[in-house]
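Order of listing sets the numbers, starting from 1, for every ligand and every atom in it. For reference, positions follow the sequence shown, starting with 1.
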Amino acid sequence: MARLHATKIEELKGNFMGMVLLPTDATYEDARKIWNAMIDKHPAIIVRAVTTSDVVRAVNFARDNGLLLAVRGGGHNIAGNAMCDDGIVIDLSQMKAASVDPGARRVTIEGGATLADLDAASQAHGLATPVGINSTTGIAGLTLGGGFGWLSRKYGMTIDNLESAEVVTAAGEVVRASATEHPDLFWALRGGSGNFGVVTRFEFRLHPVGPDVLSGLIVYPISGAKSVLQQYREFVAQAPDDLSVWTVLRQAPPLPFLPEEVHGKGVIVLALLYAGDPKQGEPLIEPLRKFGTPVGEHVGVQPYVAWQQAFDPLLTPGARNYWKSHNFSTLNDGLFDAVIDYIDKLPSPQCEIFFGALGGATTRPTPDSAAYAHRDAQFVMNVHGRWEDPAEDERCTGWARDFFHASAPFASGGVYVNFLTADEGDRVRTAYGPNYHRLAQVKRKYDPDNLFCMNQNIKPA
Ligand SMILES: Cc1cc2nc3c(=O)[nH]c(=O)nc-3n(C[C@H](O)[C@H](O)[C@H](O)COP(=O)(O)OP(=O)(O)OC[C@H]3O[C@@H](n4cnc5c(N)ncnc54)[C@H](O)[C@@H]3O)c2cc1C
């Protein structure tokens, strides 16, 4: 590396529009931090690209100098592949520009943008596309793994709304992938993670949403959790695609609408969004208030962008995080018993177990229509282990792993690639499911030497 520094880095800097950061630079320490504080990697170089040409230069530089290469979008991925030790990181966080064509209902957005950037640009025109539930997440990593959120039951996965992508390939070429241009690459990008190149620009279809939507939280005590979960299961089975209801089991945070005596106590939270006319949604959500006696409620008509940011304060960067996840096609009573048992022994006040409801439009495409294969998933469960003190690492990761095993007999077998942690290499094939072989063939065509290996990796066929 020392010889490389002496001979090449000045050359890289000379051609680069963005910043080239080395460990001696003042901003390097901040630049190597990502959402999950468990990740503590020290790249030799971090390049903050500002143009597609910068990305091309950095890809060529990494390849020609045999450097380990990582790509950072929003820096949220739990596995921490946005950073690497010793190699080079292409950091796209400065590339966030978005432009909306309201007539065509399309948004074009750069590869380092966050969900907040996308929502802000689209909602200025009363439009949106389905993305995740935490606005600081990167659009790139989310989309490349599939992407789902409050609008997915109505409008599908994020990838189901992707029209095209501008990609810098391992050869340093800039290509456009769409249904008609490099269709094999376009297929692979829609669920194949960061394996196929650096996406510098995404183009999404948009839909009329809000700008005000009926959304919010209904909170029940944990003592009624089994009955709430059973009623939730029946409710979701007949809910229209416009309505998304997720459940979260955790200790109650000190939210102003919850009585003080509830703070820190076990609760089950129903989080909901109705994507249509709020007036039509009101009667539909009424049964959710009758699953027992709620300890609090905060439901109303509010800006869609506000709801998209509602969970941000609970999901700030800098905490230690360890996740475990399963997909479910049905929820059964044995699973509910296991969940309640593990909520009873939460190792930290920030840990939680949630069920995101998919179904609806996410299940209609065939499993081979895009790389994302899990069209049978009605629910995605994620065990969020989250805590502050490194001394708690073993206890908290142990809790998450134990619950993961206890819930495995009830799961469908699939897993969402974007929820895999760094130690789940044995689940990568499961995450890509029946599409793995085809993905490996596309990988051989676009990245035969596996330059893009810092991801849930697909080996070239
Ligand atoms: C708090 C929180 C909430 C979440 N909620 C949801 C949710 O509701 N729905 C959902 O679907 N997911 C959700 N996720 C998961 C999220 O989709 C993944 O963590 C995703 O990988 C984050 O993307 P990123 O760009 O922020 O991450 P990064 O860590 O920057 O990137 C992840 C990987 O994607 C690749 N990559 C990143 N940018 C590019 C690029 N421009 N071109 C090519 N490859 C690239 C790289 O391989 C990188 O390692 C959530 C994550 C967190 C932390």
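Between Glu392 and Ser348, the side chains place no donor N or O within less than 3.5 Å of an acceptor N or O (distance only, hydrogens not considered). Side-chain atoms of Arg375 and Thr363 form no donor-acceptor pair, as typed in the model, at a separation below 3.5 Å.
Each of Trp35, Val71, Arg72, Gly73, Gly74, Gly75, His76, Asn77, Asn81, Ala82, Leu92, Gly111, Gly132, Ile133, Asn134, Thr137, Gly138, Ala140, Gly141, Leu142, Leu144, Gly147, Phe148, Gly194, Gly197, Val198, Val199, Leu315, Trp323, Tyr416, Asn418, Phe419, Met454, Asn455 has a non-hydrogen atom positioned under 4.0 Å from some atom of ligand 1.
Here Asn195 pairs with Ser193, Tyr432, Lys443, Asn455, Asn457, Ile458 under the side chain to side chain contact (heavy atoms under 4.5 Å, CB included) rule; sequence neighbours left out.
Taking the six-membered ring for Trp and the full ring otherwise, the centers of His384 and Phe354 sit less than 6.0 Å from each other.
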Quick one: side chains of residues 69-83, donor-acceptor pairs under 3.5 Å with protein atoms, not counting sequence neighbours, listed by atom name and distance.
residue, atom, partner, partner atom, Å
His76, ND1, Thr137, OG1, 3.1
His76, NE2, Thr136, O, 3.3
His76, NE2, Thr136, OG1, 3.1
Asn77, OD1, Ala79, N, 3.0

Contacts table for residues 246-255: side-chain donor-acceptor under 3.5 angstrom, sequence neighbours left out:
residue, atom, partner, partner atom, Å
Arg250, NH1, Glu352, OE1, 2.7
Arg250, NH2, Pro349, O, 3.3

